[in-house]
Amino acid sequence: MAYRQLVRRVWALSVRDLRCFPVSTSAFISPRGSPSATWQPARSPSLTLSRSLSLTPARHVSFNVQDADDFTERVINSDLPVLVDFHAHWCGPCKILGPRLEKAVAKQQGRVTVAKVDIDEHTDLAIEYKVSAVPTVIAMRDGHVIDRFVGVIEEDQIDSFIGKLTG
């Protein structure tokens, strides 16, 4: 979903560049000063720069949950084990734990993923999974809760927590 939004934004920028295309009389005059028989558009600097957009899907370590249906589809029905990170944007410890989780999951090379759930936006999910403090991380496999922890823990503890989930 985020990939499609990125492609749409890049496409919109490209189309907007074409609409803002500078038209001048030099676009219709050949280098010798006489009107050109073939029309050559003037190039704006933004059009001459190449835009590289990879069309191959990148495997992301984490994703943000959009709604309850997205949670069901991407977490509960996931083939991979999922760490569900319940966090809030105002939470200082959450800002410390988030990068640690992503680093530990990146070491797993695609065997685990992280779903980020903002408790302010998705209070129904936080209530359903009995989240009383943030950060709370829940390990899920095949739609079932395997383990959980609350608060910030060290990287080696995160590695062993993920090890219980994958092994």
Side-chain angles (χ1 to χ4, degrees), residues 1-17 20 45-47 49-167:
M1 185 165 179
Y3 178 72
R4 280 188 241 141
Q5 289 175 342
L6 176 66
V7 170
R8 285 183 189 141
R9 285 185 183 163
V10 169
W11 176 256
L13 287 174
S14 299
V15 171
R16 197 173 309 133
D17 284 345
C20 298
S46 62
L47 290 177
L49 298 175
S50 65
R51 294 181 191 261
S52 62
L53 177 64
S54 173
L55 297 178
T56 58
R59 187 176 258 314
H60 296 285
V61 173
S62 66
F63 61 90
N64 292 320
V65 173
Q66 304 299 317
D67 55 22
D69 293 334
D70 187 42
F71 185 84
T72 301
E73 179 184 330
R74 296 173 79 180
V75 176
I76 295 178
N77 296 335
S78 175
D79 295 333
L80 295 174
V82 181
L83 293 178
V84 184
D85 177 18
F86 287 93
H87 70 283
H89 71 278
W90 45 263
C91 170
C94 298
K95 294 176 184 176
I96 295 169
L97 182 64
R100 288 183 185 177
L101 277 177
E102 290 189 17
K103 181 179 176 185
V105 169
K107 291 180 197 174
Q108 297 295 317
Q109 300 174 345
R111 293 186 294 165
V112 180
T113 187
V114 177
K116 295 182 172 256
V117 179
D118 188 334
I119 62 163
D120 293 330
E121 294 177 11
H122 307 292
T123 54
D124 54 334
L125 289 173
I127 291 169
E128 182 179 345
Y129 286 95
K130 298 174 180 65
V131 174
S132 58
V134 287
T136 296
V137 177
I138 298 176
M140 296 185 75
R141 186 180 333 128
D142 299 324
H144 301 290
V145 175
I146 305 299
D147 202 359
R148 69 170 50 216
F149 69 85
V150 178
V152 178
I153 61 175
E154 297 299 322
E155 291 180 16
D156 57 338
Q157 293 173 315
I158 294 172
D159 290 337
S160 65
F161 182 79
I162 293 173
K164 287 189 285 186
L165 180 63
T166 58

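- Counting only distance, with no hydrogens or angles, the side chain of Thr113 and the backbone of Ser62 share no donor-acceptor pair below 3.5 Å.
- Taking Glu102 as the reference, Lys116 meet the salt bridge (charged side-chain N to carboxylate O under 4.0 Å, His left out) condition, with sequence neighbours excluded.
- In plain terms, the two heavy atoms of Met140 and Gly143 that are nearest each other are CE-O, 3.6 Å.
- Using a 4.5 Å heavy-atom cutoff, the side chains of Lys164 and Ile146 are not in contact.
- The distance from the CD1 atom of Ile119 to the CG atom of Asp124 is 12.0 Å, given to the nearest 0.5 Å.
- Atom CD1 of Ile162 is separated from atom OG1 of Thr166 by 8.0 Å, given to the nearest 0.5 angstrom.
- Between the Asp118 side chain and the Asp120 main chain, a donor and an acceptor come within less than 3.5 Å of each other.
- Formation of a donor-acceptor pair under 3.5 Å by the Arg74 side chain with backbone atoms of Phe63 is not found in this model.
- Using a distance-only test at 3.5 Å, with no hydrogens or angles considered, no donor-acceptor pair links the side chain of His87 to the main chain of Gly98.
- Listed here is the closest heavy atom pair of Ala88 and Cys94: N-SG, 3.8 Å.
- Between Phe161 and Leu83 the shortest side-chain heavy-atom distance falls below 4.5 Å.
- The shortest side-chain heavy-atom distance between Val112 and Leu80 does not fall under the 4.5 Å cut-off.
- Note that CG of Asp85 is 9.5 Å distant from CG of Asn64, once rounded to the nearest 0.5 Å.
- Partners of Glu155 under the salt bridge (charged side-chain N to carboxylate O under 4.0 Å, His left out) rule, at least two apart in sequence or in another chain, are Lys103.
- Of all heavy-atom pairs between Leu97 and Gly151, the closest is CD2-O, 3.8 Å.
- With respect to Arg100, the side chain to side chain contact (heavy atoms under 4.5 Å, CB included) criterion is satisfied by exactly one of Ile158, Ile153, Asp159, Val105: Ile158.
- Minimum interatomic distance between Asp70 and Gln66 (heavy atoms only, all atoms of both residues): OD2-N, 2.9 Å.
- Applying the 6.0 Å contact sphere to CG of Asp79 captures no more than 12 heavy atoms from other residues, nucleotides or ligands.
- Side chains of Val82 and Phe71 form no contact here, defined as non-hydrogen atoms less than 4.5 Å apart.
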